[in-house]
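Here the structure comes first, spelled out in structure tokens, and everything after it is commentary.
Whatever order the structure lists ligands and atoms in, that order sets their numbers, starting from 1.
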Amino acid sequence: MSESESKPTPVTSIRELSRHIGQSVELRGWIDNKRSSGKIAFLQVRVTGGTVQAVAGRKDVSEKDWEDIERVTQESTVRVTGTVKEDKRAPSGVEIQCSGFEVLSLTQDYPITPKEHGTAFLMEHRHLWLRSSRQRSALRVRSEVEQAIRDFFYERDLTLIDSPILTPAACEGTSTLFETDYFGDKAYLSQSGQLYLEPAAAALGKVYCFGPTFRAEKSKTRRHLMEFWMVEPEVAFLEFAGLCDLAQEFVGYLVARVLDRSREELKILERDTSKLEAVVPPFPRITYTEAVKILNEKGNPIQWGDDFGGDEETILASQLDRPVMVTKFPASFKAFYMQPDPENPDVVLGLDLLAPEGYGEIIGGSQRIHDPDLLLRRIQQHNLPIEAFQWYLDVRKYGAFPHSGFGMGIERFVAWMTGLTHLRETIPYPRMLYKIYP
Ligand code: 4AD
Ligand code: MG
């Protein structure tokens with residue numbers, strides 16, 4: 001055997017391992033778990049894409065390597081060499097028959113052990129908690145969802161517009177703004193990229209943005225984060241009915257994609273996938289006025305003109321196995337830019353998509369006012385500073401056009417897909433009320 005043939009191939013991921021069945025490989029990773037009888041050891045090694053089991057017989061490795069196997073602890077960094085064996089029962093599909101083992105960095109007193117820990121403790125150790133299989137699975141589903149979003153819009157010819165994070169004005173109401181000093185002026189962390197997308201739609205037709213958004217939500221709920229990621233399409237000449245169709249097609253596409261590509265992760269998260277398989281368009285559509293009627297029939301005391309809270313959303317969406325689209329809300333509690341319904345100017349052409357199983361609003365969107373005089377009046381009615389919106393009014397002044405768009409919070413969508421009850425586990429480092437560590 002020549003030197004190059006006998007040298008193990010360095011491999012970095014589960015996917016790569018499956019291409020080296022029967023061959024000698026070398027990989028580096030972390031010890032997830034270990035069992036040893038004194039004669040044979042089973043080591044779960046975490047690498048890119050999951051964990052792989054390395055099996056080491058005492059007589060198959062050198063004395064020194066066996067000592068390392070004996071002393072290695074959970075979360076130590078290791079180097080493993082061995083032969084890749086196919087193992088259809090293993091989630092990774094492979095196993096490594098160990099011929100060499102080395103501890104690269106020995107971990108002592110790792111705070112997260114296989115026993116149960118409280119959430120407060122785990123949140124304090126979020127940087128380490130990420131290593132657990134459920135957390136890794138949730139983040140892989142998130143990554144898949146983000147890729148699917150980009151693919152969906154790319155395939156439909158939307159141009160990605162990166163909207164600014166530091167902004168001079170509010171988009172979604174002034175009560176949730178994070179204020180910061182901007183060289184003596186006030187600036188705010190962006191609540192939504194929408195206002196910046198509308199001018200871009202006049203330049204490029206169909207556009208979307210996808211980035212972090214910020215809301216100083218003074219409420220402590222499982223559905224609210226201070227910093228969350230939002231994807232927002234904005235389409236020129238798209239009117240309200242087309243917007244509802246787009247939101248429906250988008251969600252149908254994403255759910256199918258997660259079911260197709262994230263099976264293994266959903267299994268680890270013990271997600272009941274039959275619930276997701278039922279999520280096939282068309283989704284039922286009801287108006288706000290119909291929704292109030294349904295809620296009253298169910299004993300909820302909401303009155304026409306009140307905004308929905310979590311309870312109302314849960315009641316409405318738990319009736320069906322698919323998301324429900326609620327449309328045409330009272331103008332009184334919706335954002336200033338929403339187009340009034342030509343049939344009833346008390347309501348606006350806005351939509352909220354409510355996910356089933358208690359996940360609530362995942363999408364909010366609307367047709368936008370494109371009449372400059374009406375928009376100006378609305379800005380005044382909402383007591384917004386006109387100076388800060390002059391540029392936004394320009395979109396109506398120079399070539400006005402009907403247009404519509406929506407925003408979807410990624411964490412809400414991922415929570416629904418993964419079955420996680422709290423948004424904090426769907427983002428690597430959640431920002432919550434009074435909590436910004438680590
Ligand atoms: O309904 P919202 O406030 O709509 C907008 O911001 C529009 N400007 C979007 C647009 O039309 N381009 O927010 C949109 C979505 C919600 O449906 C929800 O999924 C998510 O953003 N969201 C939050 N997610 C986590 N934490 C929060 N505090 C959130 N606030 C909104
Ligand atoms: Mg909303």
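Closest to atom 19 (O) of ligand 1, if we only count protein heavy atoms, is Ile362 O, 2.9 Å. Protein heavy atom nearest atom 12 (N) of ligand 1, with residue, atom name and distance: Glu232 OE1, 2.7 Å. Protein heavy atom nearest atom 18 (C) of ligand 1, with residue, atom name and distance: Arg412 NH1, 3.5 Å. Here the heavy atom of the protein found nearest to atom 7 (C) of ligand 1 is Glu172 OE2, 3.3 Å.
Residue Ile363 has at least one heavy-atom neighbour below 4.0 Å for each of these atoms of ligand 1: 17 (O). Close approach of ligand 1 to Tyr337 is summarised as follows: ligand atoms under 4.0 Å from at least one heavy atom of the residue are 7 (C), 8 (N). Taking every heavy atom of Leu423 and a limit of under 4.0 angstrom, the matching atoms of ligand 1 come to 25 (C). Atoms of ligand 1 lying under 4.0 Å from at least one heavy atom of Arg223, given by number and element, are 25 (C), 26 (N). Near Ser192, the atoms of ligand 1 lying under 4.0 angstrom from a non-hydrogen atom of the residue are 6 (O), 8 (N).
With salt bridges taken as basic N to acidic carboxylate O contacts below 4.0 Å, one links Lys334 and Asp352. Checked for salt-bridge contact, Asp272 and Lys275 meet the test: a charged N lies under 4.0 Å from a carboxylate O. At a threshold of 4.0 Å, the pair Glu172-Arg215 does not count as salt-bridged, since none of the basic side-chain nitrogens sits closer than that to a carboxylate oxygen. A salt bridge does not link Asp157 with Lys206: none of the charged nitrogens is closer than 4.0 Å to a carboxylate oxygen.
In this structure, Lys328 forms no cation-pi arrangement with Tyr288, as its terminal cationic atom is not both closer than 6.0 Å to the ring centre and no more than 45° off the ring axis. Cation-pi contact between Arg378 and Phe336: absent, since separation from the ring centre below 6.0 Å together with deviation from the ring axis within 45° is not met. Annotation: cation-pi pair Arg156/Tyr253 present, NZ/CZ under 6.0 Å from the ring centroid and within 45° of its normal.
For the residue pair Glu198 / His403, a side-chain donor-acceptor distance below 3.5 Å is found, with atom types taken as modelled. Arg368 and Ser366 are linked by a side-chain donor-acceptor pair at a separation below 3.5 angstrom, with hydrogens and angles left out of the test. For the residue pair Glu234 / Gln194, no side-chain donor-acceptor distance below 3.5 Å is found, with atom types taken as modelled. In the model, Glu357 has no side-chain atom that pairs as donor or acceptor with a side-chain atom of Ser318 under 3.5 Å.
Backbone and side-chain nitrogen or oxygen atoms of Gln191 are examined, and none is located within less than 3.5 angstrom of a nitrogen or oxygen of ligand 1. For a threshold of 3.5 Å applied to N or O pairs, the pair formed by Leu225 and ligand 1 contains at least one separation below that value. Between Gly409 and ligand 1, at least one pair of N/O atoms sits closer than 3.5 Å. For the pair Glu361 and ligand 1, the shortest N or O to N or O distance falls below 3.5 Å. Ligand 1 has no N or O atom lying under 3.5 Å from any N or O atom of Glu411, backbone or side chain. Checked by distance only, ligand 1 and Glu234 stay at 3.5 Å or farther apart across all their nitrogen or oxygen atoms. Between His224 and ligand 1, not a single N/O pair is under 3.5 Å apart. For ligand 1, the polar-atom distance check against Met230 finds no nitrogen or oxygen pair separated by under 3.5 Å.
You'll find the ring centres of Tyr337 and Tyr392 outside the 6.0 Å limit.
At a heavy-atom distance under 4.0 Å, only backbone atoms of Phe406 (N, CA, C or O) approach ligand 1. Using a 4.0 Å cut-off between heavy atoms, Arg368 contacts ligand 1 through its side chain alone, with no backbone atom that close. With a heavy-atom cut-off of 4.0 Å, Thr213 does not touch ligand 1 at all.
Residue Phe214 places every heavy atom at 4.0 Å or more from ligand 1. Under the 4.0 angstrom criterion for non-hydrogen atoms, Glu217 is in contact with ligand 1. The closest approach between a heavy atom of Met226 and any atom of ligand 1 is not below 4.0 Å.
Smallest separation of non-hydrogen atoms from Leu320 and Pro356: O-CB, 3.8 Å.
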Margin query: I'd like to know whether Phe178 forms a ring pair (Phe, Tyr, Trp, His ring centres under 6.0 Å) with Tyr188, so could you lay out the CA-CA distance, the side-chain angles of the two residues, the decisive distance to 0.1 Å, and finally the verdict.
Written below: CA-CA 5 Å; Phe178 273 112; Tyr188 310 96; over 10 Å; no

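For the Mg ion (ligand 2), the set of nearby N, O or S atoms under 2.8 Å includes one belonging to Glu361.
Across Arg431, Glu227, Arg215, heavy-atom proximity to atom 13 (O) of ligand 1 is greatest for Arg215. Distances from atom 25 (C) of ligand 1 to the heavy atoms of Tyr208, Phe228, Phe413 put Phe228 nearest.
Each of Arg271, Arg263, Arg322 was compared with Glu277 under the salt bridge (Lys or Arg N to Asp or Glu O under 4.0 Å) criterion, and only Arg263 meets it.
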